[in-house]
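In what follows, a structure is listed as C-alpha cells, so that the remarks can point back to it.
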Amino acid sequence: MKDIAISASQGTSSTPPVDEILPISQMFLYGLQHVLVMYAGAVAVPLVVGSAVGLPPEHIILLISADLFICGAATIVQSLGVGKWIGCRLPLIQGCTFAALIPMVLIGKEYGLGGISGAVIISGIFILFCAPWISRLIRFFPKVVMGGIVTLIGLSIMPVAGGWIGGGSSEMSKFGELFSLLMAAITLVIILNIYTFASGVIKNTSVLIGLIVGTGLWSLFRPLDFNLVHATPWLHLPQITLFASPEFHIIPIALLSMVMVVVMVETMSSMMATGDIVGKKVDAKMLRNGLNTCGLATLICGCFNLFPYAAFAQNVGLIGLTGVRSRFVVSVSGVILILMGVFSKMAALVVLIPKPVLGGAGIVMFGMVAVSGIRTLGQVNYRNNNNGMVVALTLGLGMMPVLVPNLFTQFPQMVQLFLHSGITIGTLTAIVANLTLNGSVPFRISHEEPVPDPLPSNSAARNVAVRTVRMWLLLRKVQREKQSSETLEE
C-alpha cells in the first residue's frame, strides 16, 4: 500500500520548511503539542524555588502564571526575531533552565527571593555582555563536541521522565506503584501506534493525542483533583516585584553569572541541533541573536521575581520526532503560553495531567534529544584522531552526577553547586578534551547549505502490518475451505 499522506510541514520547494506558514488549525494543534511537552519543565523551576523560599501555594500559582506569560513572549521573539539583534528565527521554545535550579534554591534559602531576583537581573546583563564574543567561539564546538553535549543533555534529563513515570518524586510513599507504571506504558504505546500507523496531522500530533487519551484513561480509575483549578483566579497579569524587591549581593551574583556560562553553551547546543534538524545553517550571528534573547528574557524575568531562561531541549526532540519544522508553529506556542499566563485557570488545567502519563511521553521526547546528538556524532570522523576518546570522556564524566548523585558530597558547598550538573561537567570536559587531545583545528567556514532531515516515514511499518493481516486472512480462508471439503467427503 502506497503511503499517499503528505506531512503538513512539507512545503513547496521555494519555501524552506523552517519558514513555512501552515494552516492556522494545524499550527494551533502543533503549537499546543509543544506547550504540553514543555509545560511540566516550565512550571517545575518556579514551583521548586517558590516552595524553597516559603511562598504559599496561591502565590506560587501566580508566579507560574507570570512565568508562562514571559515564556510565551520570549518564545515569540526567539522564533520570529526582532530587528538585527534579537531572535535566532528558529523553532525554539524558551523556558526556565534547570541548570540554575540548585544554585537558586541555595541562594533563596540564604538571601530570599529578593536575592535571587537581583542575581537573575545581573546574570541577564552578563549574558547580553558575553553574547557577542561567546558566539564567535564556535570554532571550539566542532561536531564531536556539540554531538557529545547534546547527547549528554538527552541522557541527563531522562531521570526526569523516570521520576514522572514513578508518580512525581522518589520520596513519595507510593512511588513506582504498578498503576503508575502501567499508565505510563499505555501512554507510550498509544503514542507509538499513532506515530507508526497514522499520517498527516494525526501522526504529527501523536504526543498530544497520547497525553489526552492517557489523562482520560487515568481519570476513569482515579478522579482528577480540580481544587487547584477552582482556587485559581480567571485573570492574572504579571506585576513587577510582586513578591520581593531585588537585592544585589556579590556571592549570588557571581555564582549565578558563572552558571550562565553553562546555560549559554546549553542554548547554543539546542540552536545548532535545531538548525541541523530543520536544515538551516547556524552561524555566529544567529547564536548571538539567540543568546541576546535569552539574556533579555532573563533580565526582564528578574524584575518579575522569575528565573533565568534557556532553550528547552525536549522540544528540539519533538521537532525531530514529528518533522514539523516551521518556526511559526513555535510562535503559536508562544501565543498559547501567553494566554495561559493571562487566563490562570488554563494553566491550572494543564497541571491536571498525571505525572506518569507525562512520563510516558517524556521517554520519547527526551530520547529524541539524545538521538539528535547521536546523529551528529555519526557524522564525526573517528580515524587517525582522538575523537572517540573525547566522546568517551564527555559521556563518562558527564553522566557521573546522574548515575551517582552523592559522588561529590565531600566537596565544599560552593564546588558542589557546579559539580551537581552533569551538563556542566560534560561541557567543560568536551571542550578541554578536544583541545588537549585533538589540538586547535583552524576554523573553516563551510559554504554548503544543510539539507533538512527527510520527513519521518511510516510506510514500512504499515506495509508489514497490512501484509501480516492479509496473510492471516488467507490462512483462515484456506483452513475453512479445507474444513468444508473434509465435511463434504464425510
Side-chain angles (χ1 to χ4, degrees), residues 7 9 17-18 30 33-34 37-38 41 90-93 98 141-162 164-165 184 187-189 191-196 203-208 210 265-280 282 311-325 330 358-380 382 387-388 390-392 394-396 398-399 402 422-423 426-427 430 450-458 460-461:
S7 174
S9 65
V18 71
Y30 298 149
Q33 183 171 238
H34 272 288
V37 166
M38 61 81 65
L90 287 173
L92 285 173
I93 293 282
F98 283 94
F141 298 94
K143 288 185 180 295
V144 65
V145 172
M146 296 304 302
I149 293 174
V150 174
T151 303
L152 180 62
I153 291 174
L155 296 177
S156 296
I157 61 179
M158 193 62 73
V160 176
W164 290 342
I165 290 173
T187 303
L188 178 60
V189 170
I191 293 173
L192 292 179
N193 276 278
I194 295 174
Y195 181 78
T196 302
K203 176 188 180 74
N204 294 333
T205 56
S206 56
V207 175
L208 173 62
V265 172
E266 180 183 353
T267 298
M268 289 194 298
S269 301
S270 297
M271 283 191 282
M272 297 185 74
T274 303
D276 191 38
I277 292 173
V278 304
K280 189 169 184 178
V282 178
F312 265 30
Q314 54 262 49
N315 293 87
V316 178
L318 181 62
I319 295 171
L321 175 68
T322 63
V324 180
R325 311 179 183 103
V330 170
L358 201 57
I363 292 177
V364 179
M365 296 300 98
F366 299 162
M368 287 302 297
V369 177
V371 168
S372 177
I374 292 172
R375 181 189 54 202
T376 301
L377 291 176
Q379 303 172 8
V380 175
Y382 295 95
N387 284 334
V390 172
V391 177
T394 301
L395 299 181
M399 288 299 294
V402 179
I423 299 174
T427 299
V451 179
D453 289 346
L455 294 174
S457 174
N458 56 11

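This is a predicted model, so every value here is computed, not measured.
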* **Spatial distance of atom CD1 (Ile363) from atom CG (Leu358) [nearest 0.5 Å]** => 11.0 Å

* **Under 3.5 Å donor-acceptor, Asp276 side chain and Met272 backbone** => no

* Structure fact -> Taken in chain and number order and not counting sequence neighbours, the residues that satisfy side chain to side chain contact (heavy atoms under 4.5 Å, CB included) with Ala311 are Leu92, Gln94, Thr267, Ser270

* Asked: In Å and rounded to the nearest 0.5 Å, what is the CE to CG distance from Met399 to Leu152?
  -> 7.0 Å

* So which heavy atom on Ala430 is nearest to which on Ile149, and how close? -> CB-CG1, 4.2 Å

* Asked: Does any non-hydrogen side-chain atom of Tyr382 lie less than 4.5 Å from one of Val391?
  -> yes

* **Minimal non-hydrogen separation, Val282 against Met271, with atom names** => CG2-O, 3.5 Å

* Does any non-hydrogen side-chain atom of Lys280 lie less than 4.5 Å from one of Thr274? -> no

* Check against side chain to side chain contact (heavy atoms under 4.5 Å, CB included), Met158 and Val402 -> CA-CA 9 Å; Met158 193 62 73; Val402 179; over 6 Å; no

* To do: Using the side chain to side chain donor-acceptor pair (under 3.5 Å) rule, collect all pairs that involve residues 142-154, keeping only residues at least two apart or in two chains.
  => Lys143-Gln379

* Asked: Can you tell me how far CG of Leu90 sits from CD1 of Ile319, rounded to the nearest 0.5 angstrom?
  -> 8.5 Å

* Asked: Below 4.5 Å, heavy atoms only, C-beta onward: do Val18 and Pro91 meet side chain to side chain?
  -> yes

* Structure fact -> Those residues at least two apart in sequence (or on a different chain) that pass side chain to side chain contact (heavy atoms under 4.5 Å, CB included) with Thr187 are Ile191, Val357

